[in-house]
Each structure stands twice: as structure tokens, then as C-alpha cells.
Visitor: 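Here it is, the structure in full.
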Amino acid sequence: MEKTFLMVKPDGVQRNLVGEIVSRFEKKGFNLVGGKLMTISKDLAETHYGEHKERPFFGELVDFITSGPVFAMVWEGENVIATARTMMGATNPADAAPGTIRGDYGVQVSMNVIHGSDSPESAEREISLFFDEKELNNYDKTI
Ligand code: CMP
């Protein structure tokens, strides 16, 4: 079954949006298989966002994502990578449709509430950066 990495960013944690965001993915029907509140180190932030290293906003991006706790998650389900991206909305909250997470809760592109893997390759890379295999749970839903 497909898995993706999602992370409520420091702005989302500070604004008490963790429960709301978890609830949206639960209600959609995806399975939460891993989750933890953590403060990201500078090293981990630079590795995670490595593809943006040459961008002018890279420093700001690393400073922001390490500025306070994030809620890192692994979700599982059919087409969860693409569907989670749809549910998150456009990267820039100004362009994100109402009803999406960023459309409903975000204002600035640098503080856009949530991160989600954009491809199967990123999902695999990001899950293994943030989680040990033993932190991921397997369960069969009985109801
Ligand atoms: P995310 O999905 O976490 O992946 C990279 C992040 O870079 C993106 O969300 C935005 O929060 C951030 N980002 C993209 N463009 C800009 C920008 N012009 N200025 C600041 N941050 C940006």
C-alpha cells in the first residue's frame, strides 16, 4: 500500500491545527501509520529541503522549519501521495482553493501550514529521513 510523508509545519503546530489536519486525513479514509512531534535539526532541514539549496529563500526555509516543533506523519492508502497533495492545495496559500488545508488556513508561501511528499521517490526518501522502520505501524482495520 502506498505511503506518504506529511508534516504540520511550525506555524500549524503553534496555531493548534494538528488535530484538524489529522482529522481531515482520517475522515478521508487514510491510515496514520506513524506520527511524532519533533524539533528538526538544521542538518535534517538542509537534507530534507536539499533540492531547494540554490533557491534565494533556502535560508529562510531552513530557519522557519527549525523554529519550533513540527508534527511529522506517515500516512498510508490508495493514491495517498497525490490525494494528500490535492487536499493540501497549492504551495502558495494565495493560490490554494478554499476547502484545501492551505486554502483554508494559510496566508504566506513561507508559512504554508503543511508539507507533503510530491512523488513516490520523495515519499520514500522523506519517510526514511524522519522515521525508523520500527516507528511505523502496521495494522488491519477491523471496522
Ligand atoms: P514545501 O511543500 O514544504 O516545500 C518547499 C517549501 O518552500 C514550500 O513548501 C514553501 O513553504 C517554501 N517556498 C516556496 N517558495 C517560496 C518563496 N518564494 N519564499 C519562501 N518560501 C518559499
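Just follow the structure's listing: the first ligand is 1, and inside any ligand the first atom is 1. Computed over heavy atoms, backbone and side chain alike; hydrogens, waters and symmetry mates excluded. Owing to the predicted nature of the structure, the values given are computational and were not obtained by experimental measurement.
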Visitor: Among the clusters formed by ILVMFWY side chains lying less than 4.5 Å apart, do V74 and L129 turn up in the same one?
Guide: yes
Visitor: Can you name the atoms of ligand 1, numbered from 1 with element, that are less than 4.0 Å from a heavy atom of Y49?
Guide: 1 (P), 3 (O), 4 (O), 5 (C)
Visitor: Show your reasoning for whether salt bridge (Lys or Arg N to Asp or Glu O under 4.0 Å) applies to K134 and D132.
Guide: CA-CA 5 Å; K134 63 179 184 318; D132 288 335; 3.2 Å; yes
Visitor: Flag R85 as yes when one of its N or O atoms lies below 3.5 Å from any N or O atom of ligand 1, and as no otherwise.
Guide: no
Visitor: Out of F131, F30, F25, which one pairs with W75 under the ring pair (Phe, Tyr, Trp, His ring centres under 6.0 Å) rule?
Guide: F25
Visitor: Taking distance alone, with no angle check, do H115 and ligand 1 share an N/O pair under 3.5 Å?
Guide: yes
Visitor: For ligand 1, does R102 get within less than 4.0 Å through its side chain, its backbone, both, or neither, judged by non-hydrogen atoms?
Guide: side chain
Visitor: Below 4.0 Å, non-hydrogen atoms only: which portion of H52 touches ligand 1? Side chain, backbone, both or neither.
Guide: side chain
Visitor: Can you confirm whether E124 is buried at CD, in the sense that more than 12 heavy atoms of other residues, nucleotides or ligands lie under 6.0 Å from that atom?
Guide: no
Visitor: Counting only heavy atoms closer than 4.0 Å, does ligand 1 sit against the backbone of T91, its side chain, both, or neither?
Guide: side chain
Visitor: Calculate, to the nearest 0.5 Å, the distance between atoms CG and CZ belonging to L61 and R55 respectively.
Guide: 9.5 Å
Visitor: Heavy atom under 4.0 Å from ligand 1: found in K9's side chain, backbone, both, or neither?
Guide: side chain
Visitor: Numbering the atoms of ligand 1 from 1, which are under 4.0 Å from a heavy atom of L61?
Guide: 6 (C), 7 (O), 12 (C)
Visitor: Which option, F64, F58, F57, owns the non-hydrogen atom nearest atom 20 (C) of ligand 1?
Guide: F57
Visitor: Please determine whether residues M111 and V13 belong to a single hydrophobic cluster, defined as Ile, Leu, Val, Met, Phe, Trp and Tyr linked transitively by side-chain heavy-atom distances below 4.5 Å.
Guide: no
Visitor: Taking the six-membered ring of F64, is NZ or CZ of K9 closer than 6.0 Å to its centre and within 45° of its axis?
Guide: no
Visitor: Is it the side chain, the backbone, both or neither of V109 that has a heavy atom closer than 4.0 Å to ligand 1?
Guide: both
